[in-house]
Every structure is written in structure tokens, then in C-alpha cells.
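Working notes, beginning with the structure itself.
These numbers come from the heavy atoms of this one structure, side chains and all, not from hydrogens, waters or symmetry mates. Keep in mind the model is a prediction, meaning the values are calculated, not measured.
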Amino acid sequence: MANTELKQIKIKLVRSLIGASEKQRRVVRGLGLTKQDQVVEHYNSATILGMVNKVPHLVQIVD
């Protein structure tokens, strides 16, 4: 990614982790989310988007 400018996306935890599997909890924690309604910023990369796609019912990409 020499001259590619990476955009940042905001990811919000919209649902509680109660009842989520341990794998899903690890993915959410890996994104840096610990509390409900918390928002974190990450670069728009394939890795981050893959993590978001693993838990689409728990997180949301906000503008």
C-alpha cells in the first residue's frame, strides 16, 4: 500500500455481549470495544472488515 490513503471507519458496539459466544467476545475485544455504545476508529482494511463481518449483529459501522 504505497500511495494508497486509508480511510478511517467508526465501529460502534450496539448490542450487549451477554449470550454471545467466547469467539464473538474475542472478536469484539480485538476491535477494541468493551462497553455498549462505545465507538472506536480503525483504518478501513480487509482485516478489520472481516472482523466486523464475523459479528454483524453486535456491531455497526457509523458515519
Side-chain angles (χ1 to χ4, degrees):
M1 291 188 217
N3 290 329
T4 307
E5 182 181 333
L6 293 175
K7 294 177 103 179
Q8 290 218 339
I9 57 172
K10 294 181 181 180
I11 303 168
K12 180 178 181 179
L13 183 61
V14 293
R15 302 241 355 232
S16 172
L17 294 178
I18 296 173
S21 69
E22 187 60 32
K23 265 184 154 179
Q24 292 170 342
R25 290 173 192 252
R26 287 183 188 160
V27 170
V28 170
R29 183 70 181 113
L31 287 169
L33 295 165
T34 56
K35 298 179 181 179
Q36 193 169 349
D37 293 328
Q38 181 182 8
V39 178
V40 294
E41 288 190 18
H42 285 286
Y43 287 110
N44 189 6
S45 66
T47 305
I48 297 299
L49 293 178
M51 292 173 79
V52 170
N53 285 335
K54 288 282 187 178
V55 288
H57 57 290
L58 298 175
V59 299
Q60 176 182 12
I61 297 178
V62 294
D63 293 333

Exercise. Quick one: list whatever passes side-chain contact (heavy atoms from CB on, under 4.5 Å) with Val40, sequence neighbours left out.
Key: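 So Val40 forms a side-chain contact (heavy atoms from CB on, under 4.5 Å) with Ile11, Leu33, Gln38, His42.
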Check residues 23-31 and write down every donor-acceptor pair under 3.5 Å in which the side-chain atom is one partner and the other belongs to a residue at least two apart or another chain.
| from | atom 1 | to | atom 2 | distance (Å) |
| --- | --- | --- | --- | --- |
| Gln24 | OE1 | Ser21 | N | 3.2 |
| Arg25 | NE | Ala20 | O | 3.2 |
| Arg25 | NH2 | Leu17 | O | 3.1 |

Practice problem: To the nearest 0.5 angstrom, please state how far the CD atom of Gln8 sits from the OG atom of Ser45. | Solution: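 It comes to 10.5 Å.
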Exercise. Supply the members, apart from Val14, of the Ile/Leu/Val/Met/Phe/Trp/Tyr cluster built from side-chain contacts under 4.5 Å; use none for a lone residue.
Key: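 Taking Ile, Leu, Val, Met, Phe, Trp and Tyr as members, Val14 stands alone, with no cluster partners.
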Considering only distance and modelled atom types, tabulate donor-acceptor pairs under 3.5 Å from the side chains of residues 46-62, sequence neighbours left out.
| from | atom 1 | to | atom 2 | distance (Å) |
| --- | --- | --- | --- | --- |
| Asn53 | ND2 | Leu49 | O | 3.3 |

Quiz item: Hey, does Asp63 have a side-chain heavy atom less than 4.5 Å from the side chain of Lys10?
Solution: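 No, side chains not in contact.
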